[in-house]
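Order of the sequence lines sets the chain letters (A, B, ...), proteins ahead of strands, with each chain counted from 1.
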There are 2 protein chains.
Amino acid sequence: MRRQFITIKDIARELGISVSTVSRALRDAYDVNRETREKVLAKAAELHYKPNFNAIGLVQSNTHNIGVVMPGITNYYFSTVFTGIEEVAYENGYNLILFLTNDSPEREQRLIQDLSLSSLDGLLVSLTSPEDRHYGQVLENGIPVVFFDRVGGDVRTSKVMQDDYNGAFEATQHLIDSGYRHIAHIGGPAGLAFSRQRRQGYADALEKNGLALREEWVVHSGFSQECGQQDVEQLWKLPVKPDAIFAVNDRKAIGAMLALKARGVQIGPEVGVVGFTNDPVSGIISPSLTTIAEPAFEIGKISCELLLKHIARKHFEPKAVTLPGKLIIRESSRKHP
Amino acid sequence: MRRQFITIKDIARELGISVSTVSRALRDAYDVNRETREKVLAKAAELHYKPNFNAIGLVQSNTHNIGVVMPGITNYYFSTVFTGIEEVAYENGYNLILFLTNDSPEREQRLIQDLSLSSLDGLLVSLTSPEDRHYGQVLENGIPVVFFDRVGGDVRTSKVMQDDYNGAFEATQHLIDSGYRHIAHIGGPAGLAFSRQRRQGYADALEKNGLALREEWVVHSGFSQECGQQDVEQLWKLPVKPDAIFAVNDRKAIGAMLALKARGVQIGPEVGVVGFTNDPVSGIISPSLTTIAEPAFEIGKISCELLLKHIARKHFEPKAVTLPGKLIIRESSRKHP
DNA sequence: TAAAGTAGCGAGAACGTTCCCGGAAACAAC
DNA sequence: GTTGTTTCCGGGAACGTTCTCGCTACTTTA
């Protein structure tokens, strides 16, 4: 069971010098002769020496591990954020330990309880629960946390998110500019901050253009494509039907489009649809989906960079970074060909 | 910089007993009085004790970390495999450290060189390079490796893959059964084993049905959608054009479909298309894509289960598991409506 | 030429845990 | 009352590394 690796003791013995010297030589070169250092480096390479991070972590109590907590990894947004995180982490010699909550708040809770804080230097979190209080204890233990995308409001730390409000505003404004007047909104879970933000952007755009917000045209449910389909079914039971839909994300927008197609509704001319995310699918489907592109990769990069700063400096002042989205106009919002 | 956590020493001191006893009490209950054990457990909970995995790992030289090496995480297949891996790992108390190669063999090489073997109990790998020799050293160090999806042939260890040959055979047979006779194949990088397998399945299905394989109708390039588009451009320069395409994966199939659409070719009636993967997109696009569904989630689960067995038993006999794919018939291969 | 400074190195504790071994106490058996 | 057995607990080494301190030998300064 127990494995045996080359250690600095082996190097020291073979070279007839002390472990202290080997240790110094392998890190900074201070207090060690150039020749000695080169001999150590050569021997280390020859023996294929690999440092034992458990030992280093034990004495330095840092681990070069970063925990990433996400609802899932199978969708475009999160996997792209992760790729951004990975780029920065890899460059800085950090490993990423990925935890998935599967959109279950209970699992998120349990995960944090079980988390071995001593094997983590920091945490990058996109919340599953509507609140972030359970991360307070992590922070108190001196483990920096950076929230991205789904952020909370209770815990004082850095956050990175897209500009949900303005994105939603712009999306809705675009529908209005395209000639639609009866605009519905199919949103995410009502408890989550970004659901509220996007809804607010939608509502304010309506108001600014003198359009009334009809409560029955605003539906909140889950994130999935199926939810999008169900939401449309619900909307289409109403006596007065909308002529456009702003969806909280592309998956729901696509669900909505499928439901509309099934009803024989022409997307674009009859009913306009705008999503949010810019999932690659949105450019492939037919008609292609107008959407707000989220800077997912950037969000991953910036989150990780901020976390590294928190790790490096105990009292790094928390920052809140908001990145703008970008309206991508495609066919699903073209009323007049 | 240095953080302070509750240790078993603190528990021992507060309870007036030795660290050995606390250590025993927190693990198996053998050799420790029930009362003592309960007192320890209570105190540990009260102080919010969390074990230090660096220390445990140092003495036991196991870490409860599994490394996962993949080309990327942003596509459906790999993110789903990862989710399967995560399920098993989480149940068994293992953390996952995810490394991405970005489809760069050099980066894969460098990654393995840098890998701190002492902080890993095992490795789950989908190859980026066409060969697996560089993992030999990892195995020699006593770190079990399990390959999935893109497996190699040199290193003797467990492998988990889908049945590429039969999947490709079935896909091609389906095209023939549907009435297509001039079937082209747009494949992955020629060096990779599964590219060859799928190509062979395609070739054998042609042969079995008495159709000639035309070398100019077989194109090998990368994996991306753009590659699929380019491959079609290349095929459509030929004097005799194919009337069907079997693509090595859905992304290339979709690229091909976009290129065909751009040329005004009707997909289905004029040219049949079959992919491989069953990416969710394939059911959403129009026309929907006929494809071979890969058991991605299952592959993740089984790979991780096998790896855990290798970790538990030094001389666990390597297994090669092949999972069947499943033909999903949709619109893109419907010649006669 | 003596004092002071500096470069380079080694000894040994420390990090938090497990594990091996020895021993005390309690009890049973002769 | 001695011996043996069991139950429970403590001491201390070990894991591989860093880090602090102190020592030697050489160089510089006055």
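Applying the salt bridge (Lys or Arg N to Asp or Glu O under 4.0 Å) test to pairs two or more places apart or on separate chains, those with a residue in residues 296-308 of chain B are B:E87-B:K301. Each side chain to side chain donor-acceptor pair (under 3.5 Å) pair with one or both residues in residues 69-80 of chain B, not counting sequence neighbours, appears once here: B:Y77-B:D149, B:Y77-B:Q162. Among pairs with a residue in residues 55-67 of chain B, none fulfils salt bridge (Lys or Arg N to Asp or Glu O under 4.0 Å), at least two apart in sequence or across chains. For residues 44-71 of chain A, the pairs satisfying ring pair (Phe, Tyr, Trp, His ring centres under 6.0 Å) are A:H64-A:Y94, with sequence neighbours left out. Pairs passing the ring pair (Phe, Tyr, Trp, His ring centres under 6.0 Å) check and including a residue from residues 118-161 of chain B, sequence neighbours excluded, read B:Y135-B:F147.
Among residues two or more places apart in sequence or in another chain, the ring pair (Phe, Tyr, Trp, His ring centres under 6.0 Å) test is passed with A:F297 by none. Residues that satisfy the salt bridge (Lys or Arg N to Asp or Glu O under 4.0 Å) test with B:E317, not counting sequence neighbours, are B:R156. Looking at residues two or more places apart in sequence or on another chain, you find no salt bridge (Lys or Arg N to Asp or Glu O under 4.0 Å) involving B:D132.
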Which protein N or O atoms sit under 3.5 Å from an N or O of nucleotides 8-10 of chain D?
unit_1, atom_1, unit_2, atom_2, d
D:dC9, OP1, B:T36, OG1, 2.6
D:dC9, OP2, B:N33, N, 2.8
D:dC9, N4, B:D31, OD2, 3.2
D:dG10, OP2, B:S18, N, 2.9
D:dG10, OP2, B:S18, OG, 2.9
D:dG10, OP2, B:T21, OG1, 2.6
D:dG10, N7, B:R24, NH2, 3.2
D:dG10, O6, B:R24, NH1, 3.0

Look for any protein N or O under 3.5 Å of an N or O in nucleotides 23-27 of chain C and output each such pair with its distance, or none.
none

Sub-3.5 Å pairs of nitrogen or oxygen atoms, protein against nucleotides 23-28 of chain D:
none

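Between the axis at the start and the axis at the end of the helix from C:dT1-D:dA30 to C:dC30-D:dG1 there is an angle of 50°, using five pairs per end and rounding to 10 degrees.
Taking the six-membered ring where tryptophan is involved, the planes of B:F316 and B:H310 are perpendicular, since the angle between them exceeds 60° and thus also 30°.
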